[in-house]
Every structure is written in structure tokens, then in C-alpha cells.
Student: 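My questions will all concern the structure given below.
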Amino acid sequence: MKGLSVGEKLFIEGGIAQDLRTDGRRRLTYRPISVETDVISQANGSARVRMGGTEVIATVKAELGRPNAMQPDKGKVSIFVDCSPTAEPTFEGRGGEELATELSVSLERCLLGGKSGAGAGIDLSSLIVVEGKLCWDLYIEGLVVSSDGNLLDALGAAIKAALSNTGIPKVNVSAEASANEQPEVDVSDEEFLQFDTSGVPVIVTLTKVGRHYIVDATLEEESQMSSAISISVNRHCHVCGLTKRGGAGVDPSVILDMISVGKHVSEQLLNKLDSEIAAAEADEEE
Amino acid sequence: MRGLQVSLNQTQKIRLQRALETLESISSKANSDASVVVADTIPLNYEDGVLKGHGTLDLYGEVVATICGVVERVNKLIYVRALRARYKPEVGDIIVGRVTEVAPKRWRLDINYSQDAVLMLSSMNLPDGIQRRRTAVDELNMRTIFEENDVICAEVRGFQHDGLHLQARSQKYGKLERGQLLTVSPYLVKRRKQHFHHLEQYGIDLILGCNGFIWIGEHVDPTEDMMVEDPINKSEQKGSKFEGSFGNQVQERIYTPLETRQNICRTANAIRVLSILGFIMSVEVIMETVSLSISLNIDVHEMLGSEFCVLTAEKEAERRTSSKKRG
């Protein structure tokens, strides 16, 4: 990200104060979103999401594994994010690692629920094959291809789209093994089970610039932010996760205000995203 | 179709395809042999002798293009000018750049060239407007003229032993404030007589830099720009910085008026749409796109949507067909 001159900074701030941002949007307007599903054939499910100049790819890979001894009736999900140097030269080498860790931690908090897996957007008990012995491990990977701000929201949307694109192969447990042995399995390559993704929340990031907050900030607007709050909201308008970035303090009443605005915005985003995902899947079948 | 960044539905795809085909059919007759893709043979006249330049290769006695672009011929030299490449400066070009470094007696600017450009302290007018030798004091005060990250406008002076030199010896050149900078591919901006445009009906300045940097900002009068106004401007700026930290009521006043801002954003989005479609930027085309959006009553942010993109392509096809008929 190149720096901005004083005049440009003032112009961006003024635009946000006057409710007309540099690309003509209002404070709570998103850039056009486009979704493409099944972009990577090796994965069980994948999606590419574009939000203006931001482009991310999310893939879901399912592997058979052993469930955790503490939770024998649940599968495992892990999220990794990688920032490609094509997005920004500073991501070269280990440069993008800090941002990638920050993003993956926020995504885990927003999507995966508590340590026990209760209340997660993805129903972990649907991943179990044989209780205590065999379960599906989901590896969700996000790749930032080009970065123009609002990466977290885009990654959240891409993961949602990728999950709804995911087909988990049907597993036939062939022989009943004794208590200590791993059961023999036969993984079908024709029959796939779909996920129920209605519970997966969307993430809305409200970026505070000056006295106002905006959604879907571009890179230039993000460089002017004092703090940002990411709220993940599900279909029932319940807040599933909350993360704050940026060092500046925010008054608690402002946070409450932001949450209610975020809830309102998330409803529109969810509907928009659902229709985009449906359109992408219809496109793919053609 | 090109890799467009907009998602289109089926009818929009067909409409856009048709518009692009129309455009292609108009342009292809005029200079089909000038544009080449990789491995195209470049037709030659061997009697004159040939000097192979950049982007060409001798293959089995034929000269073949190794990059996509336009064939340029200068006497015996034949080279291919790539379209989507970095900017290649020519003397006298008007460019917009961003200061990357304040160095002894010079500023270094990023102008989308393969190396940074140099603007010497001695090749620009001083704020007080007096012609004199630059002293050590002037050198110390360079940051009061341009700081790092400032966007400035200058002219290409030429190549010296230490790189590309710029000059800013007129009042129309200098720091650009209160507006936004857009970057497009340099090939979209053609060299013209006029690169500074004051769009009076909108109250904005539009500077089409030859390097693909386009500045759109609030109009400033060039006469009172550098010589007289500068000290006042400076104090105003400093004042605004303080006011910003104290209270927003005061700051609200010095913001760009909403109407002007709307015009700036509308023009900026028109340029973004044209850049997505890969149409040459000229002030006429930009203004036509702006008035098209106004006449259709399209919101400023909706201009970046797919529908307006298709409309612009159709309009451009129509315009070029009609101008061709007239010509």
C-alpha cells in the first residue's frame, strides 16, 4: 500500500463525513459482489469471491481422521489463510504471515464457535462417521489473490460459498471391527452428501474513520481507520462472533450502535450472498 | 471476451459481445497489420535492411513478434510496443506522480516507469516566484514544497546521466490536493495537446497524465496557485490539521462541497468503467459517459455495476460507428 498525501486523506475523510465515498458509495453500501463456485477441482468444495478489487479463493478439503478423545462424537474443522504476494509485494516470503494469522484467528472465532465445538456455524456432529474412531477432518483454506480492503468479510463469504459447494463422499463402513481396531471403510466416489450451510454466519466489518463507520472499506479507506469491528451474524440475526482491530478505543455505546447497524447490514448481505451462491451453482450446472 | 472483472448475466453478456464485435469491426480495417500477437510474422521490406528492436526475434529468416503489441518503425529499426506495460516516458509528456523520497536537491517520484523519476529543486519554480540560485536554506525547506506521498503534476524534461528528469516550471504544475488519484493502464491515455481540463459545469479539474495516473479534484485557479496563494494555503492546511483534532464542526466547513464531490466521484467512476472496458481515455469520452449516467439517472456507485458497463460499451460502439460514417 502506497501512502496517501494529506490532501487525499482529507478528501477520503470528508467523503465519509458527507456520506459519499470516493467511489460514490454511501457509508453502508457494499461494492458489487460476485461469486464463482467449484473453481478448484481437487478440493471437495471451493469458491472465488470478488468484492470490487478484493479477490479471495476458499477451498474445503475433507480427509478421514480420528476424532479427538475429548469429543468422540464430533469431527474437526481448521481454518488457514494464506496471503499471496500477488496481492501485495510486501506479502512476499514471511511478510504476509502476520496478517494471515490474524485473519485465520478471526475467522475461527467468527465461524467455529467454542472450544467444544458447540454453537459453531458448521454442525460438527454431522462430520462423524464412526463414533470415537472415524470422522471427517475439514481443512478450510483461504487464499488472498488480490487485496483491496475488507479481506475478512470476503474470506467469510468465500468460506460460506465453498461450504455450500462442498460434497463429502459417502462412507460405507464395511466390517464391524473390534473395539481397538480402526474399522475398514469404503469411500464412495459417486455419492456425495451436502452440507447444511444455513447456519454459517456472514461477517460484517465496520471500519471507523473519524466519527463515522463504514462497511466494506477499500484499502485506502482502511489506511485511515482508527479501529474496526467485525461482527459475524447468522440467519437468525444472532451475533456469533465479535473481533476488534486497531488500537484506538471505542466507547461501549458506540459498539452497541455498531452491532445493531451490523445486524441490519448483515441481513442484506446474507440475502445477496445466498442469491449469488445460488446463481453460481446454477451457472456451474449448465 | 477479455477477462472482465464484472459479473454479467446472459443477456448482458450477449449485448456486450455484440458491442465489442462492432468496435472490433470498425477498428480492424484501419490498422490490422500494425497490431501483433506473439509469434506473428512482421512484414518487412528487406531491401532497406532491418534493425531488430525490442520484442522481435529472428526465426528462420523471418522477423517474429515475441510480445503482443503494436509494431513501430523508425527508419530501419523495427520494434514492438507492448500495450499493457509500464509507462515509457517521452520528452514533453505531462505526468502525474507521487513523491517517494526527498533527497538532496531533488525529489524522487513514482510515475509507473521502470525507474523513479527525478525532479530537481532547480527545475521548478519557487513558491515566492523569484528567479534565483537555490541556496542551502531552500534545500532545507524542500519539505514545505513537497512532502513524501504528495501527488504532483510535472512535465518530462528528458533523460540525464542519472535517470529521467522532470520539470515543473509553470504555475499549472505542482502539488495536487483535494481530490483523488486513479491509476489506469498507460496505453489508455493518448498524448494530446491538452492534458489539463477544467470542467466548468462541474467545477472540477481533470488531469490525464500520460503515465496513466489520472487526477480528479476540486478546481483550483492556476494564477493564484503557487506564487501568491501558497503561504496562505499552507497556513490553511496547518489550521485544518489542528481543527481536525479539536472539533469536527470546524472541519466540516473546509470539506469539498457535496455537489462538487458528487461530480468528482461520478467522473472517477466513469474513468473506472472505461478502464475496465479498455477504452481510450479522452476528455470527450469521459464526459459523454458522465452525461450518459446523469441522463439515465444512475446513482454514482451503481456506475460500477454490470449494467452500466454494458451500456457504456454500447454507447461507445454507437459513437464510433456514427463518427466513422460522418468521416
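Quantities reported herein were computed from a predicted structural model and do not represent experimental measurements. A note on names: the letters A, B, ... follow the listed sequences, proteins ahead of strands, and every chain is numbered from 1. Atoms considered below: every heavy atom in the structure, side chains included; atoms not considered: hydrogens, waters and symmetry mates.
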Student: Hey, is NZ on Lys263(A) packed in by over 12 heavy atoms from elsewhere, all under 6.0 Å?
Tutor: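 Incorrect, the count does not exceed 12.
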Student: Measure distances from Ile216(B) to the heavy atoms of chain A and classify the residue's part below 4.5 Å as side chain, backbone, both or neither.
Tutor: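 Nothing of Ile216(B), per the 4.5 Å heavy-atom cut-off to chain A.
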Student: Quick check on His264(A): does its NE2 atom have over 12 non-hydrogen neighbours (other residues, nucleotides or ligands) under 6.0 Å away?
Tutor: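 Count not over threshold, so no.
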Student: Which region of Gln262(B), side chain (C-beta onward) or backbone (N, CA, C, O), has a non-hydrogen atom less than 4.5 Å from a non-hydrogen atom of chain A, or is it both or neither?
Tutor: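 Contact with chain A is through both the backbone and side chain of Gln262(B).
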Student: To the nearest 0.5 Å, how far apart are NE2 in His301(B) and CZ in Arg26(A)?
Tutor: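 Interatomic distance, His301(B) NE2 to Arg26(A) CZ, rounded to 0.5 Å: 9.0 Å.
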Student: Could you look at Thr22(A) and say if it's the side chain, the backbone, both or neither that has a heavy atom under 4.5 Å from chain B?
Tutor: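 Its backbone and side chain both get close to chain B.
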Student: Find the distance between OG (Ser5(A)) and CD (Glu147(B)) and round it off to the nearest 0.5 Å.
Tutor: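 With rounding to 0.5 Å, OG (Ser5(A)) is 9.5 Å from CD (Glu147(B)).
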Student: Just wondering, more than 12 heavy atoms not from Glu92(A) lying within 6.0 Å of its CD?
Tutor: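 Open.
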Student: Taking C-beta and beyond as the side chain, do Leu4(A) and Asn149(B) meet within less than 4.5 Å on heavy atoms?
Tutor: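 Leu4(A) does not reach Asn149(B) side chain to side chain.
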Student: Just verifying a value: how many Å separate Asp19(A) CG and Leu258(B) CG, rounded to the nearest 0.5 Å?
Tutor: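 Here the rounded value is 9.0 Å.
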Student: Check whether more than 12 heavy atoms from other residues, nucleotides or ligands sit under 6.0 Å from atom CD of Gln201(B), and answer yes or no.
Tutor: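 Above 12, so yes.
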Student: What do you reckon, is CG of Asn271(A) surrounded by more than 12 foreign heavy atoms closer than 6.0 Å?
Tutor: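 Check passes, neighbour count above 12.
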Student: Above 12 or not: heavy atoms from other molecules or residues under 6.0 Å from CD of Gln115(B)?
Tutor: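 Result for CD/Gln115(B): enclosed.
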Student: At a 4.5 Å cut-off on heavy atoms, which part of Arg21(A) comes close to chain B: side chain, backbone, both, or neither?
Tutor: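 Only the backbone of Arg21(A) comes within 4.5 Å of chain B.
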Student: Step by step, would you call Glu218(B) with Phe11(A) a side-chain contact (heavy atoms from CB on, under 4.5 Å)?
Tutor: CA-CA 10 Å; Glu218(B) 213 178 314; Phe11(A) 189 79; 6.0 Å; no
Student: Which atoms of Arg272(B) are under 4.5 Å from chain A, going by heavy atoms: the side chain, the backbone, both sets, or neither?
Tutor: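 It is the side chain, since no backbone atom gets that close.
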Student: Would you say that Leu304(B) contacts Arg25(A) through its side chain, given a criterion of any heavy-atom pair below 4.5 Å between the two side chains?
Tutor: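 Contact flag for Leu304(B)/Arg25(A) side chains = no.
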Student: Let's test your reading of the structure: which of Gly7(A), Pro32(A), Gly14(A) forms the most heavy-atom pairs below 4.5 Å with chain B?
Tutor: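 Heavy-atom pairs under 4.5 Å are most numerous for Gly14(A).
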Student: Taking atom CZ of Arg266(B) and atom CG of Asp23(A), what is their separation to the nearest 0.5 Å?
Tutor: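 If we round to the nearest 0.5 Å, Arg266(B):CZ and Asp23(A):CG are 13.5 Å apart.
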Student: Using a strict cut-off of less than 4.0 Å between a Lys/Arg side-chain nitrogen and an Asp/Glu carboxylate oxygen, indicate whether Arg98(B) and Glu8(A) qualify as a salt bridge.
Tutor: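 Here Arg98(B) pairs with Glu8(A) in a salt bridge, since their nearest N and O are under 4.0 Å apart.
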Student: Side-chain contact, heavy-atom cut-off 4.5 Å: Leu20(A) with Cys265(B)?
Tutor: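 The answer is yes, as the side chains (C-beta and beyond) meet within the 4.5 Å cut-off.
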Student: Taking side chain as everything from C-beta outward and backbone as N, CA, C, O, which of these in Asp150(B) sits under 4.5 Å from a heavy atom of chain A? Side chain, backbone, both or neither.
Tutor: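 Contact with chain A involves both backbone and side-chain atoms of Asp150(B).
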